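Order of appearance sets the numbers: ligands from 1, and atoms from 1 within every ligand. Owing to the predicted nature of the structure, the values given are computational and were not obtained by experimental measurement.
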Amino acid sequence: MTADPWTIYWQADNRDSCIATAVPDDAEQIAALWRDFAGCLADGGMVLDLATGNGTVPAALLAGNPTLKITGVDRAEINPLQFLSAPGPLHGVTFMGSVDVCSLPFDADSFDAVTSQFGIEYADFDRSLPEAARVIRAGGRLAFMMHHVDSAVVLPAQSRLQEMQGLLQSGGVVELLSAFVAGDRAFAELDAAGKRHLDGAVERTAGVTGQIFEGVRTAVRLLQAGRAGEARELSSTMSLRLRADRDRLRQLAAAAQDATQFGRTANRLRQLGLDVDVAAEWHLPESSGTTTLLGWQLMCTKQ
Ligand SMILES: C[S@@+](CC[C@H](N)C(=O)[O-])C[C@H]1O[C@@H](n2cnc3c(N)ncnc32)[C@H](O)[C@@H]1O
């Protein structure tokens with residue numbers, strides 16, 4: 001199994017990665033933003049989506065302008081046409097995996113627009129921003145949506161990260177399950193680790209703690225039924241998956257920018273010859289009197 005947590009994630013038929021939980025229609029709202037952007041591009045325009053994952057942005061861009069010629073690149077071993085069960089309109093997109101945004105395999109001035117949704121900030125800006133600027137033609141557009149430290153994407157992810165770290169810590173549930181199914185620890189020790197986790201201060205969710213506890217119950221039942229091999233396999237798979245999820249969220253948390261960092265990012269783009277048209281927090285359109293911060297929006301035009 002690959003060690004890259006994003007490769008594991010995208011090959012498991014996940015369509016999105018950074019959907020906030022605060023409001024029900026955040027994915028739709030952010031897609032509308034990309035549709036509007038695509039509507040402003042000339043027909044037949046060449047677009048490069050950086051860190052594309054399973055093609056969320058290309059799908060939204062095509063919905064706004066089906067004539068666009070879109071290439072999506074990602075460092076992970078992506079191939080949405082193979083790994084998504086319903087790739088739909090993505091059949092017209094060229095996807096390239098194992099491509100680092102810090103070293104793009106394209107000539108200078110190749111694209112009319114470069115986009116990124118919660119992607120470019122995962123790479124080293126000193127190397128990725130010059131690459132993004134290089135491949136845009138003069139007069140071409142750049143549109144980034146980036147993680148904000150206080151966003152409705154990042155704050156819940158921080159909480160999930162703590163929950164996962166608690167389960168994976170030394171002496172935690174995952175380690176004790178592995179030792180128990182291997183016959184090295186007693187059930188009482190596994191049980192105690194579970195109680196410690198439930199008594200802890202960290203928020204627990206059905207999606208993380210609930211799933212791991214369900215897996216523990218299944219593994220214990222398999223062991224009691226004399227199916228020790230299957231119990232060990234289940235324990236090992238659960239551990240690998242949880243580690244991969246933890247590593248993804250660690251990267252997400254590290255990629256999030258505060259106002260100072262974001263200001264520096266915008267300035268770097270200016271130094272690279274781009275006019276910054278929009279550099280601001282992006283909130284979901286207000287519904288019932290509340291706004292939800294989703295990220296930083298950066299829109300530029302190359303001189
Ligand atoms: C949060 S996901 C976003 C994916 C997609 N844009 C979306 O919104 O669904 C971050 C992506 O950045 C990719 N990534 C991280 N570092 C990268 C790099 N140096 N070069 C290319 N892709 C990178 C990861 O593989 C992952 O697919």
Side-chain angles (χ1 to χ4, degrees), residues 2-21 26-35 37-38 47-63 70-80 83-84 87-88 90 93-106 113-132 134-135 142-149 151-158 160-161 244-257 265 282 294-298:
T2 172
D4 174 38
W6 287 108
T7 297
I8 294 170
Y9 187 79
W10 298 124
Q11 293 190 359
D13 197 15
N14 287 299
R15 193 166 282 273
D16 301 295
S17 66
C18 289
I19 299 309
T21 48
D26 49 0
E28 168 48 30
Q29 299 282 5
I30 201 166
L33 190 80
W34 292 116
R35 285 200 298 274
F37 178 70
V47 182
L48 175 64
D49 185 43
L50 301 172
T52 194
N54 266 346
T56 304
V57 174
L61 292 172
L62 284 173
I70 306 177
T71 302
V73 298
D74 200 290
R75 191 177 57 182
E77 293 164 39
I78 54 152
N79 185 354
F83 297 117
L84 278 181
L90 295 177
V93 177
T94 302
F95 286 106
M96 298 166 64
S98 306
V99 171
D100 191 331
V101 296
C102 300
S103 175
L104 293 171
F106 306 108
V114 169
T115 55
S116 169
Q117 172 178 293
F118 306 131
I120 190 151
E121 66 273 40
Y122 285 71
D124 172 12
F125 275 142
D126 287 339
R127 294 187 299 138
S128 60
L129 294 180
E131 277 297 84
R134 181 181 68 80
V135 299
L142 174 151
F144 291 164
M145 176 66 71
M146 297 190 287
H147 286 309
H148 186 305
V149 284
S151 76
V153 174
V154 173
L155 292 178
Q158 297 269 21
R160 290 301 79 72
L161 178 58
D245 284 342
R246 175 203 57 191
D247 292 348
R248 272 193 314 107
L249 294 189
R250 271 188 182 156
Q251 289 182 28
L252 185 157
Q257 297 177 75
T265 305
W282 194 73
L294 214 66
W296 292 110
Q297 187 185 25
L298 197 44

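Per-residue contacts place Phe118 under 4.0 angstrom from the following atoms of ligand 1 (heavy atoms of the residue considered): 1 (C), 2 (S), 3 (C), 10 (C). Below 4.0 Å from some heavy atom of Val99 lie the following atoms of ligand 1, by number and element: 20 (N), 21 (C). With ligand atoms numbered from 1 in the order given, ligand 1 contributes 25 (O) to contacts under 4.0 Å with heavy atoms of Ala76. Under a 4.0 Å criterion applied to the non-hydrogen atoms of Ala123, ligand 1 contributes the atoms 19 (N). Within the listing of ligand 1, atoms 9 (O) sit less than 4.0 angstrom from a heavy atom of Thr56.
Taking the six-membered ring for Trp and thresholds of 30 and 60 degrees, Trp6 and Tyr122 have ring planes more than 60 degrees apart, a perpendicular arrangement.
Nearest-residue assignment for atom 7 (C) of ligand 1 (options Glu77, Gln117, Arg15, Arg127; heavy-atom criterion): Gln117. Considering only non-hydrogen atoms, atom 6 (N) of ligand 1 lies nearest to Ala51 out of Ala51, Gly53, Ser98. The residue from Thr7, Asp74, Asp100 that puts a heavy atom closest to atom 19 (N) of ligand 1 is Asp100. Ranked by closest heavy atom to atom 15 (C) of ligand 1, the top entry among Tyr122, Trp6, Trp34 is Tyr122.
Considering all non-hydrogen atoms of both residues, Asp74 and Trp10 come closest at OD2-NE1, 4.4 Å. Closest approach of Asn54 to Arg15, counting heavy atoms only: CB-O, 4.0 Å. Closest non-hydrogen pair, Ser151 versus Pro156, comes out as O-CD, 3.9 Å.
A donor-acceptor pair shorter than 3.5 Å can be found between the side chains of Thr265 and Gln257.
At a heavy-atom cutoff of 4.0 Å, ligand 1 is contacted by the backbone of Thr52 but not by its side chain. Counting heavy atoms under 4.0 Å from ligand 1, residue Tyr9 does not touch it at all.
For ligand 1, the polar-atom distance check against Gln251 finds no nitrogen or oxygen pair separated by under 3.5 Å. Residue-to-ligand polar distances keep Val57 apart from ligand 1: every N/O pair is separated by 3.5 Å or more.
Looking only at side-chain heavy atoms (C-beta outward), Leu294 and Gln29 stay at 4.5 Å or farther from each other. Considering only heavy atoms from C-beta on, Arg250 stays 4.5 Å or farther from Pro5 through its side chain. Side-chain contact between Ile78 and Phe83 is absent, with no heavy atoms from C-beta onward closer than 4.5 Å.
Under a 3.5 Å cut-off, the side chain of Glu131 and the backbone N or O of Leu104 do form a donor-acceptor pair.
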